[in-house]
Amino acid sequence: MKTIDKTTSALHAGHETNLTEGTRAVPIYQTTSYVFNDTDHAANLFGLKEFGYIYSRLNNPTNDILEKRLAAIEGGIGSVTFASGTAAISSTLLTLLKNGDHILASNSLYGGTFNLLNVTLPRYGIKSSFVNANQSEEIEKNINENTKVIFIESIGNPKLDIIDIEKVAKIAQKYKIPLIVDNTIATPYLIQPIDYGANLVIHSLTKYIGGQGNSLGGAVVDAGNFDWGNGNFPEITEPSKGYHGLKFFETFKAAAFLVKLRVEGLRDLGAAISPFNAFHIIQGLETLPIRIKKHSENALHIAKWLQNQEGVEWVNYPGLPSSNYHELSQKYLTNGQSGLVTFGLKGGFEAAKKFTDSTQLFSLLANIGDTKSLIIHPASTTHQQLSAEDQVQTGVFPDLIRLSIGLENVEDLKNDLKSALEQTNSKH
Ligand SMILES: *Cc1c(COP(=O)(O)O)cnc(C)c1O
C-alpha cells in the first residue's frame with residue numbers, strides 16, 4: 001500500500017469502523033472501566049502479558065484512536081495522551097529521570113516548562129541547564145555524565161526562535177542522549193521533528209491541534225529510533241520493582257519507553273485525558289492541515305502590515321525577511337510559519353498594556369492556537385513571575401505583545417489592530 005499523506009491520516013488513522021459498529025465519527029467511550037472475561041484474563045492484562053483495556057486512567061478506546069492518529073501524523077511508532085501538554089512533559093521527565101539526573105534545555109522554553117525545569121524538578125534532585133540551542137558549543141559545554149535528556153521547542157513561545165533540530169539531534173546522538181522536541185507551535189503539518197532526528201515529540205493538544213479553545217490535552221509520540229538499552233536508562237533495562245521484575249526493554253524493545261510511560265507514568269502519576277476531551281481534539285485534528293495553513297497566511301499578512309504602522313517599533317515573525325530566524329524558517333517551515341506574531345510599540349511597557357486593553361476582536365487571554373484571534377502582554381501576565389533576567393532570556397521584552405492570529409477575515413483583524421493603535425498613540 002502507498003504511504004498515506006498526513007492530511008488523509010488526520011481524518012482516518014487509528015479508527016477501524018468495523019470495531020465501532022460502523023460509526024463514521026469516532027465515538028466517545030465515556031467509561032471508567034472494562035468488563036474482564038474472567039480472572040485469568042484480568043490477571044494477564046494486569047501483568048502486561050496481554051494488551052487490553054483495564055481502566056481509563058491507563059487506556060480508553062477513544063483516547064487510543066487519538067494516540068494512533070497522532071503517531072501516524074508525526075511518523076512515530078506510538079503515542080500516549082495526557083490531560084494537558086504540561087502533564088505530557090512532566091510525566092515524560094518523571095518517567096525517564098531520577099534524583100541526580102540533569103536536563104539540557106533550550107533557554108527559550110514555554111514559561112510553564114521553564115518553571116517546571118527551573119523551580120519544581122530541582123526539589124526532586126533533577127537539575128537543568130538552559131542554553132542557546134542554536135549554539136552547538138554551548139550545548140556540548142553543558143552536557144555532563146548525568147545529562148539524560150535534551151529538551152527543545154521547534155518554535156519557541158513567545159520568542160518565535162526556530163531551533164536547528166538536525167544540528168541538535170547530531171549532538172544528542174553523539175552523546176547517546178534522547179532529544180525531546182515540543183512541537184506545539186509548529187504542529188506536524190509545518191515540521192516533523194522525527195525527520196530531523198528527534199526521538200520524542202511532545203504536544204500541547206490544547207493549542208493548534210484541538211484548535212478551538214475548548215479542551216486541554218497533551219501527547220508524547222515516540223519515534224522508535226532511540227536505543228533505550230544503551231546503558232543510560234537502568235529504569236528501563238533493569239527489573240522493574242513495580243512489575244514483579246519485568247524488564248521493559250527486553251520485553252517491549254523499541255516500545256519500552258512508551259509502555260513504561262503508560263503503565264507507570266499514567267498508573268502512578270495519573271494525568272489521563274478524558275475521552276470527552278480526546279473526542280474534541282480528534283475533531284480539531286481532522287481540520288488541522290487547512291487551519292494551520294490559513295493561520296500562517298493570516299499571520300504573515302498581519303506581520304507585514306504591522307511593520308508599516310505608526311507607533312510600531314519592531315515586528316517579529318519567522319516568515320519575515322527581517323527575522324533572525326528567516327534562514328532557518330526557509331529550511332524547516334516551508335509550508336508556513338504558524339499563527340504567532342510578536343511586536344513592540346515605541347511607547348514601551350505602558351503602551352503595550354494600553355494597546356492590549358484596546359482591541360475588540362482580539363481577546364485578551366492566556367492561550368494560543370484558537371480559531372479566534374487572541375492577544376496578551378506576557379511581561380505583565382504569563383511571564384510576570386520570571387525575574388527580569390529570565391524574562392529577557394525567554395525573549396519576553398517589556399514592550400512585547402503576542403498575537404495568536406485566528407481565522408477571521410484579515411481586513412477585520414487589521415481594522416481592530418488599527419483602532420487599538422490609534423487609541424494607544426493618542427495617549428502617548
Ligand atoms: C501551552 C504550551 C504547553 C503546555 O500545554 P498545556 O496544554 O497548557 O498544559 C507546552 N508547550 C508549549 C510550547 C505551549 O505553548
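In what follows, residues are counted from 1 in the order of the sequence shown. Counting starts at 1 for both ligands and their atoms, following the listed order.
- No salt bridge links Glu408 with Lys414; every basic N to acidic carboxylate O contact stays at or beyond 4.0 Å.
- Annotation for ligand 1: atoms under 4.0 Å from non-hydrogen atoms of Thr86 are 4 (C), 5 (O), 6 (P), 9 (O).
- Between Glu74 and Lys6 there is no salt bridge, since none of the side-chain N atoms of the basic residue sits less than 4.0 Å from a carboxylate O of the acidic one.
- No N or O atom of Glu153 sits closer than 3.5 Å to an N or O atom of ligand 1.
- Side-chain N/O atoms of His295 and Ser338 include no donor and acceptor closer than 3.5 Å.
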Inset, instruction - Evaluate the ring pair (Phe, Tyr, Trp, His ring centres under 6.0 Å) criterion for residues Phe397 and Phe343: first the C-alpha distance (whole Å), next the side-chain angles of each, then the deciding distance (0.1 Å), finally the verdict. - result: CA-CA 10 Å; Phe397 304 109; Phe343 68 103; over 10 Å; no
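- Less than 4.0 angstrom separates some heavy atom of Asn157 from each of these atoms of ligand 1: 15 (O).
- Counting only heavy atoms of the protein, atom 3 (C) of ligand 1 lies nearest to Tyr110 CE2, 3.5 Å.
- Every atom of ligand 1 with a heavy atom of Gly85 under 4.0 Å away is listed here by number and element: 5 (O), 6 (P), 7 (O), 9 (O).
- Proximity of Ile368 to ligand 1 is established by a heavy-atom distance of less than 4.0 Å.
- Looking at atom 15 (O) of ligand 1, its nearest protein heavy atom turns out to be Lys207 NZ, 2.8 Å.
- Remark: ligand 1 and Leu216 share no N or O pair separated by less than 3.5 Å (distance only, no angle test).
- A distance of 6.0 Å or more separates the ring centres of Phe252 and Phe257.
- Which parts of ligand 1 touch Asp182 is read off a 4.0 Å heavy-atom cut-off, strictly below it: atoms 10 (C), 11 (N), 12 (C), 13 (C).
- The single protein non-hydrogen atom nearest to atom 7 (O) of ligand 1 is Thr206 OG1, 2.6 Å, given as residue, atom name and distance.
- With no hydrogens or angles considered, a side-chain donor-acceptor pair links His377 and Ser380 at under 3.5 Å.
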Give the table of side-chain donor-acceptor pairs shorter than 3.5 Å for residues 112-126, with sequence neighbours excluded, one pair per line with atom names and distance.
none

